[in-house]
There are 4 protein chains.
Amino acid sequence: MSTKREQILETAMRLFIENGIQSTATALIAKEAGVATGTLFHHFKTKEDLVHELYNSIFDSLISYQKKHFDEEADVYEKLHQIWSLDIEWGTTHVEYVHFLERYSFFYYASESAIDKAHQRFDYCMNTFEQAISKELMKIDDLEYVRDHYIWNIRMNIIYFIKRPDRCTTENIDKTFEIYWNGIIND
Amino acid sequence: MSTKREQILETAMRLFIENGIQSTATALIAKEAGVATGTLFHHFKTKEDLVHELYNSIFDSLISYQKKHFDEEADVYEKLHQIWSLDIEWGTTHVEYVHFLERYSFFYYASESAIDKAHQRFDYCMNTFEQAISKELMKIDDLEYVRDHYIWNIRMNIIYFIKRPDRCTTENIDKTFEIYWNGIIND
Amino acid sequence: MSTKREQILETAMRLFIENGIQSTATALIAKEAGVATGTLFHHFKTKEDLVHELYNSIFDSLISYQKKHFDEEADVYEKLHQIWSLDIEWGTTHVEYVHFLERYSFFYYASESAIDKAHQRFDYCMNTFEQAISKELMKIDDLEYVRDHYIWNIRMNIIYFIKRPDRCTTENIDKTFEIYWNGIIND
Amino acid sequence: MSTKREQILETAMRLFIENGIQSTATALIAKEAGVATGTLFHHFKTKEDLVHELYNSIFDSLISYQKKHFDEEADVYEKLHQIWSLDIEWGTTHVEYVHFLERYSFFYYASESAIDKAHQRFDYCMNTFEQAISKELMKIDDLEYVRDHYIWNIRMNIIYFIKRPDRCTTENIDKTFEIYWNGIIND
DNA sequence: AATGAATGAGCATTCATTCAT
DNA sequence: CATGAATGAATGCTCATTCAT
């Protein structure tokens, strides 16, 4: 019911993307959200709390989107293909979330523990990577490598398809998955 | 050539890496460099200028390192392999530069024009990508894709080998190049 | 008579003692008392009112304690001895009240008029001081001096006996009264 | 040479006395001192540092005043008489310092450690108290009691003589010392 | 070239109080 | 009686930059 709270969240997201998190003053967020500064701090103890809430809500969105379509019973190739496609579908339809995450990722707010917590939420991905490794499908049998390799490639591809929506076809998405897959798997 | 100027640059690099660029006050840089705040602004018109000078000197380092070993006459596979290996060699032996670049990349200081200028300096890389595309070696014939795909993957790998210096062997570096190459090329 | 009202008073007293009056936020009092902030302001028009109510209730306690044992008919020495001992007895058994008064005394809330009003309530003490002066018992025949001299000495002694409960015996209390009495009276 | 620094100190002292320490905003101090807020924080890292500097400079004044006249070789009675008279002379001629100390003493800024440090600076007083106790001159042979008893009485007397400058004669000061001395010493 | 005092707009956060429910 | 979201002026403090020496 808290309309003001939501207004603050929406405005903060927009301003963080436009100007960066550190460069966005809480006073500006409040002003553009049409509330008093005190109201912002009534709902969020600190600016950092506000950032974290946005960060978590984005992962809520992504994870719930993926879990709706993810098939635990499929084989490794299928599952990775699904994850890849769903990530890109979600990313290109939640552009502002992607921009926020890119602002956030290498930002000082993103403590190691926050990143760890985020990784933990993607257990179904991690399980798939582990399964792939244990089946000796991967060129490198280090979970950390496999995970980071996936994350950096999917980030790059999502950003690419956002920049080039004209190329964002199923066919092209499949092609990018092949690039990912052909690279990482054993011949 | 002034010693003070160099002290400022070194100290700034260290502090930017430790705390982030935006979170590092010029007053602190001056203090830790053992100079007056006025001296810092005597040598660098603005904080942004200081950041840019560091940024450019890093690419000077990387480019001169690569040009020393790069063989323009080799074939595409060879050239990309060279660039890949040289990037990782340079990255793992210039850890602080890598950390600085990661701090800088997604930072608001990095304007589009700064990024474009940087890309231009890597003409020998771009030429190689173009050559590969024109020879129809790549799964996707879009220069921007090929370039970004390379950049994100090399960044990911450099950071990985910095985190895991024990795994930073020629054999493993070659294996990661195979992951890159097998992914991006046509079958 | 409301329980909530009493919870507020008790919690406020505790927090004022722990952190000082000005440093204790009304929101914190409400929270620790388990009531809403609105409830606090329903029972006390302002924070200052709450402080005053505590202040007055403490003097209610002290004065009623003393009046129960005070003998108006005794001679000056006896009466001052009684007041002295009763003050120390009350103080060492109402430690939190003492702490509150010490927090309050030099605090900006304590206006001159509030202090005057408090002095007026201790008419039986003032009468005794006047009696002592008119009988030429005191080294200085200025009521203000006699009063302040008593107040500062009794405060000091109460605080001392609170810090050193092991020394708080009738014998020691009597000894401190002798210090007071031998000082102020004419030889 | 730092005129601005001194202006800040003088203005702060005045405003702290007038309105209390906590109720005086650093912005107001800067404004009334005719400097920018940044200047205040250039000279004093925090408001607390500013308060401490004032506090310490006051004790510098008192201690240097007393040491100029204090005779280490005199007997206990003489030495205490000197300290007493010098305290009152200093207090009535440095009224604003006294007011500041009264504002400060029971204020949350005055940590136990700050109070301890202050006590340590008055070693010549403490030595005299110890000497008096070891000669069995005092009714109570507890150094803490003797010290606090002195402090509270001298504070009370200084404030009294400030309020009543007409009564501040050598004769009256001597009389108040007799009140102090006759009280505390053994018969 | 080097210094460091001075600037003042800007920032995150606090808090007594109000008021609609 | 009770609630707690909402308010917004106020606060201590920061920081890139300037400038007189």
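Every chain is numbered from 1, with letters handed out A, B, ... down the list of sequences. Just so it is clear, the values below take in all heavy atoms, side chains as well, and ignore hydrogens, waters and symmetry mates.
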Colleague: Could you state the atom-to-atom distance from CG of D:N19 to P of F:dA10 in whole Å?
Modeller: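 One finds 15 Å between P of F:dA10 and CG of D:N19, rounded.
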
Colleague: Kindly point out which of F:dG4, F:dC13, F:dT7 is positioned nearest to the side chain of D:K47?
Modeller: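 In terms of side-chain proximity for D:K47, the closest of F:dG4, F:dC13, F:dT7 is F:dC13.
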
Colleague: Check this one for me: any side-chain N or O of D:T39 less than 4.0 Å away from OP1 or OP2 of E:dT7?
Modeller: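 Yes, because at least one side-chain N or O of D:T39 sits under 4.0 Å from OP1 or OP2 of E:dT7.
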
Colleague: Looking only at the side chain of B:V35 (C-beta and beyond, no hydrogens), which of the listed nucleotides E:dT7, E:dT3, F:dC13 gets closest?
Modeller: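 Per side-chain heavy atoms of B:V35, the pick is E:dT3.
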
Colleague: Check B:R5 with B:E53, please: is the shortest side-chain N to carboxylate O separation under 4.0 Å?
Modeller: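 A salt bridge links B:E53 with B:R5.
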
Colleague: In whole angstroms, how far is the P atom of E:dA1 from the CD1 atom of B:I8?
Modeller: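 The distance from CD1 of B:I8 to P of E:dA1 comes to 11 Å, rounded to the nearest Å.
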
Colleague: Take atom CG of B:L15 and atom P of F:dA16, then tell me their distance rounded to the nearest Å.
Modeller: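 So the two atoms are 12 Å apart, to the nearest Å.
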
Colleague: Rounded to the Å, how far apart are B:E6 CD and E:dA1 C1'?
Modeller: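 Interatomic distance, CD of B:E6 to C1' of E:dA1: 15 Å.
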
Colleague: For the pair made of CD in C:E48 and P in E:dC15, what is the distance, rounded to whole Å?
Modeller: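 Nearest whole value for this atom pair: 18 Å.
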
Colleague: Quick one: on DNA chain E, does A:A25 or C:T37 contact a more 5' nucleotide (nearest heavy atom)?
Modeller: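 Counting from the 5' end, the first nearest nucleotide belongs to A:A25.
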
Colleague: Under 3.5 Å for both distances, Watson-Crick or G-U wobble, that's the pair rule; now give the dot-bracket for DNA chain F, with | marking pairs to another strand and [ ] for crossing ones.
Modeller: .||||||||||||||||||||

Colleague: Which nucleotide sits closest to the side chain of A:H43: E:dG8, F:dA6, E:dA6?
Modeller: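 Per side-chain heavy atoms of A:H43, the pick is F:dA6.
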
Colleague: Rounded to whole Å, please give me the gap between CZ in C:F44 and P in F:dC1.
Modeller: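 In whole Å, F:dC1 P lies 11 Å from C:F44 CZ.
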
Colleague: Want to settle it: does D:T24 or B:K45 sit nearer the 5' end of DNA chain F, counting the closest nucleotide to each?
Modeller: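 Closest to the 5' end, via its nearest nucleotide, is D:T24.
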
Colleague: With side chains defined as the heavy atoms from C-beta onward, is the minimum distance between D:D60 and D:R121 less than 4.5 Å?
Modeller: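 They are in contact (side-chain heavy atoms under 4.5 Å apart), so the answer is yes.
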
Colleague: What is the minimum heavy-atom distance between B:A12 and B:L54, and which atoms define it?
Modeller: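 In this case the closest contact between B:A12 and B:L54 is CB-CD1, 4.1 Å.
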
Colleague: Quick one: does B:L50's side chain get under 4.5 Å of B:L9's, heavy atoms only?
Modeller: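 They are in contact (side-chain heavy atoms under 4.5 Å apart), so the answer is yes.
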
Colleague: F:dT7, OP1 or OP2 - any side-chain N/O from A:K4 closer than 4.0 Å?
Modeller: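 Affirmative; the distance criterion is met.
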
Colleague: With respect to the phosphate group of E:dA1, does any side-chain polar atom (N or O) of B:H42 fall under 4.0 Å of OP1 or OP2?
Modeller: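 Answer is yes, contact under 4.0 Å.
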
Colleague: Could you work out which one of E:dT13, F:dT17, E:dA6 sits closest to the side chain of B:F41?
Modeller: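 Of all the options, the side chain of B:F41 is nearest to F:dT17.
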
Colleague: Would you say the ring centers of A:F122 and A:F59 fall short of 6.0 Å from each other?
Modeller: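 Centroid separation for A:F122 and A:F59: below 6.0 Å.
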
Colleague: Flag the pair D:E10 and D:R14 as a salt bridge only when some basic side-chain nitrogen lies within less than 4.0 angstrom of an acidic carboxylate oxygen.
Modeller: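 Looking at D:R14 together with D:E10, the answer is no, because their closest N to O distance does not fall below 4.0 Å.
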
Colleague: Minimum heavy-atom separation for D:T46 to D:F41, with atom names?
Modeller: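 Closest approach of D:T46 to D:F41, heavy atoms only: CA-CE2, 4.2 Å.
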
Colleague: Can you confirm whether the side chains of C:T24 and C:E18 place a donor and an acceptor under 3.5 Å from each other?
Modeller: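 There is no such pair between these side chains.
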
Colleague: Let me know, please, whether B:T46 or D:A27 comes out on the 5' side of the other along DNA chain F by nearest nucleotide.
Modeller: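 Comparing both residues, the 5'-ward one is D:A27.
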
Colleague: Could you state the atom-to-atom distance from CD of A:Q22 to C1' of F:dA16 in whole Å?
Modeller: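 Taking atom C1' of F:dA16 as the reference, CD of A:Q22 is at 14 Å.
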
Colleague: If you assign each of B:L40 and C:G38 to its closest nucleotide in DNA chain E, which residue comes earlier from the 5' end?
Modeller: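 Taking each residue's closest nucleotide, the earlier one in sequence belongs to B:L40.
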
Colleague: Under 4.0 Å between a side-chain N/O of A:T26 and OP1 or OP2 of E:dC11, yes or no?
Modeller: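 A:T26 to E:dC11 OP1/OP2: no side-chain N or O under 4.0 Å.
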
Colleague: How many Å lie between CG on B:D49 and P on F:dT18, as a whole number?
Modeller: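 It works out to 11 Å between those atoms.
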
